[in-house]
Amino acid sequence: MINLPRGTQDLLPEQTQKWQYVEEQFKALCHTYNYKEIRTPIFEHTELFQRGVGDTTDIVQKEMYTFKDRGDRSLTLRPEGTASVVRAFVQHKMFGNPTQPTKLFYIGPMFRYERPQQGRMRQFVQFGVEALGSADPAIDAEVMALAMNLYQTLGLKSLKLVVNSLGDNESRANHREALVNHFEPHAHELCSDCQLRLQKNPLRILDCKKDKDHPSMKTAPSILDHLNNYSKTYFEQVKAYLDQMGIEYVVDQNLVRGLDYYNHTAFEIMSNAEGFGSITTLSGGGRFNGLVEDLGGPETPGIGFALSVERLLMALEAESVILPIDEALDCYFVALGEKAEKKAVELVYTLRNAGIQVDKDYQGKKFKAQFKAADRLKAKYVVILGDEELENNVVNVKEMSTGKQEQVKIDEIDSTLKRFVQGGIS
RNA sequence: GCGGUCGUGGCGAAGUGGUUAACGCACCGGAUUGUGGUUCCGGCAUACGUGGGUUCGAUCCCCACCGGUCGCCCCA
């Protein structure tokens, strides 16, 4: 027997119904916020992620699914969505479209080569949105609102929106210098990872879990104290919009996102729900002014976020949210006897052509067993056809919830059953 | 990449160095030759992750590998 590859999963019908439901909700929400769907390939040139996501990131350094194709090109299964969306934005010159900002959403699998565990698969699915072409703080707030809106619409309660500002280039450079000056004297006391980070990306020392209790952490320079006027005002405005919309959040100056392209607004949505395991992050996002330029486009600001569908469903599970999924079958067709069974095939076809959801037995089950099957499938109606009915050109239709039964002429079977399904048997 | 833990029929789950490896659920049939549930009776299955080793004999003991799961790192 061949099993599925490590870190992947099969979604069986019981699961796919939930997936379809949350996808529909997400799409509907994107529609109300006026984001349009974009579909990009699931693999790209490796270079896109090296340049887009950043060479120093864990994603690029140790988590990419990279392979050579037959033409000796280095390709990579996408580890995240933003780089591809920006690539497409640049490639198709969407910056020239009459309506800006360009508001896009995507749904699809992402791949990271990691040891699988709760809420972390090698193939996982993200919903994401990107708004390109606006540096209005209101759109930062809009993106966060959309994200929170989805979770709340689905019924989640234990949510925490965490925001921070990473500032613009100037602010970051100042902060970086302050960080290096601050940590340099303690470098030998920090973990080996942090010693490397000090060289490459000192910002990330701030969210190191090993060194979080080191005394130098408490006194570390905060990015918020190094924001220049523009960055500072920008962040204030983003928060003001959130306040105005009544969206609760907390500011965490140590919130540092793992991808290089972020600046200004950075945010994460976490779940506090019991039994959610060690994973708490449901989604993350932020502003990426400069990325479009890095990937060969004109100077274009952008912001977006992505959420994991697996974690979304875990959170729903953890909070015991029941999704409104209708599992009931409209109609089950029970036939008895050779002639009736033949006729049943025709009548089932007739009913289906009328748009009624109907199924029948294909296992040669006895009459009683067919009823059991109908019950198990939660059939609303059972149509019964035996020799007696056949002779009189009728069927018996039974409403399973009430036990009411009515005789229906075969000629009128489709219209009558349609009426029953919509409004009950009488 | 590192560490803990686990691996017995479709699912859940006992168990033992030695003739036919419990049980429960599910499924099928009957009691009830055309009406769902319950009950009772009967039936059912290529099951000890893979490969080595120890042994007269291994599902059990040892080793390796594979896989699941949880945690670390990091993230969605």
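Note on naming: letters A, B, ... go to the chains in the order of the sequence lines (proteins, then strands), and numbering restarts at 1 for each one. The model shown is predicted, which means the values in this text are computed figures rather than measured ones.
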Q: Could a donor-acceptor pair under 3.5 angstrom be found where the side chain of A:Lys398 meets the base of B:G36?
A: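 Result: at least one qualifying N/O pair found.
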Q: Counting heavy atoms from C-beta on, name the nucleotide in B:G34, B:C70, B:U35 closest to the side chain of A:Gln118.
A: B:C70
Q: On the nucleotide B:C74, are OP1 or OP2 found under 4.0 Å from the side-chain N or O atoms that A:Arg112 carries?
A: no
Q: Between B:G15 and B:C28, how many Å separate the two C1' atoms, rounded to a whole number?
A: 28 Å
Q: Check whether the side chain of A:Arg376 and the base of B:C27 form a donor-acceptor pair under 3.5 Å.
A: no
Q: Answer with yes or no whether the side chains of A:Glu412 and A:Ser415 bring together a donor and an acceptor at under 3.5 Å.
A: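 No - no donor-acceptor pair under 3.5 Å links their side chains.
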Q: Between B:C65 and B:A45, how far is it from one C1' atom to the other, in whole Å?
A: 30 Å
Q: Name the pairing partner of B:G18, where a pair is Watson-Crick or G-U wobble with both distances under 3.5 Å, or state none.
A: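 Partner of B:G18: B:C56.
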Q: Give one of base, sugar-phosphate or nothing for A:Glu388, where a contact means two heavy atoms less than 4.0 Å apart.
A: base
Q: Taking the same atom, C1', in B:C74 and in B:G67, what whole-Å distance lies between them?
A: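 To the nearest whole Å, 23 Å.
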Q: Now, which nucleotide makes the Watson-Crick or G-U wobble pair with B:G3, with each of the two distances under 3.5 Å?
A: B:C70
Q: Compare the minimum distances between each of B:G34, B:C74, B:G68 and the side chain of A:Arg6, then state the nucleotide with the smallest one.
A: B:G68
Q: Take atom C1' in B:G12 and the same atom in B:G68, then report the distance between them in whole Å.
A: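 Roughly 16 Å separates the two C1' atoms.
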Q: Among B:C2, B:U35, B:G37, find the nucleotide with the atom closest to the side chain of A:Arg115.
A: B:C2
Q: Of the nucleotides B:C74, B:G36, B:C75, which has the atom closest to the A:Glu63 side chain?
A: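 Among the listed nucleotides, the one closest to the side chain of A:Glu63 is B:C74.
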Q: Return yes if the base of B:G68 and the side-chain atoms of A:Gln117 contain a donor-acceptor N/O pair under 3.5 Å, otherwise no.
A: no
Q: For the NE2 atom on A:His92, are there more than 12 heavy atoms of other groups (residues, nucleotides or ligands in this structure) within a distance under 6.0 Å?
A: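 Yes, because the 6.0 Å sphere around NE2 of A:His92 holds more than 12 heavy atoms from other groups.
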Q: So, does A:Lys62 get its side chain near the phosphate of B:C73, meaning an N or O under 4.0 Å from OP1 or OP2?
A: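 Looking at the OP1 and OP2 atoms of B:C73, neither is under 4.0 Å from any side-chain N or O of A:Lys62.
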Q: A cation-pi test, strictly: NZ or CZ of A:Arg122 under 6.0 Å from the centre of the six-membered ring of A:Tyr113 and no more than 45 degrees from its axis. Yes or no?
A: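 The answer is yes, since A:Arg122 meets both limits relative to A:Tyr113.
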Q: Where the side chain of A:Asn396 is concerned, which of B:G37, B:G34, B:C74 is the nearest nucleotide?
A: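 Taking heavy atoms from C-beta onward, the closest nucleotide is B:G34.
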Q: Does the distance from a Lys or Arg side-chain N to an Asp or Glu carboxylate O, for A:Lys339 and A:Glu341, drop under 4.0 Å?
A: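 No, no charged N to carboxylate O under 4.0 Å.
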Q: Which nucleotide wins on minimum distance to the side chain of A:Asp375, given the candidates B:G36, B:C75, B:U35?
A: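 Of all the options, the side chain of A:Asp375 is nearest to B:G36.
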Q: Which residue in the set A:Phe105, A:Tyr33, A:Tyr35 passes ring pair (Phe, Tyr, Trp, His ring centres under 6.0 Å) when paired with A:Phe26?
A: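 Looking at A:Phe105, A:Tyr33, A:Tyr35, the match for A:Phe26 under the ring pair (Phe, Tyr, Trp, His ring centres under 6.0 Å) is A:Phe105.
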Q: So if I take every side-chain heavy atom of A:Tyr113 and compare against B:G1, B:G34, B:C74, which nucleotide ends up nearest?
A: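 So the side chain of A:Tyr113 is nearest to B:G1.
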Q: Between A:Leu282 and A:Met270, is a side-chain contact (heavy atoms from CB on, under 4.5 Å) present by the stated rule, with each step listed?
A: CA-CA 5 Å; A:Leu282 291 174; A:Met270 331 247 236; over 6 Å; no
Q: Side chain of A:Lys366 only, heavy atoms from C-beta on: which candidate in B:G36, B:C72, B:G29 is closest?
A: B:G29
Q: Looking for any heavy atom pair under 4.0 Å, which part of the strands does A:Gly128 touch: base, sugar-phosphate only, or nothing?
A: nothing
Q: Examine the base of B:C73 for any acceptor or donor lying under 3.5 Å from a partner atom in the side chain of A:Arg120, and report the outcome as yes or no.
A: yes
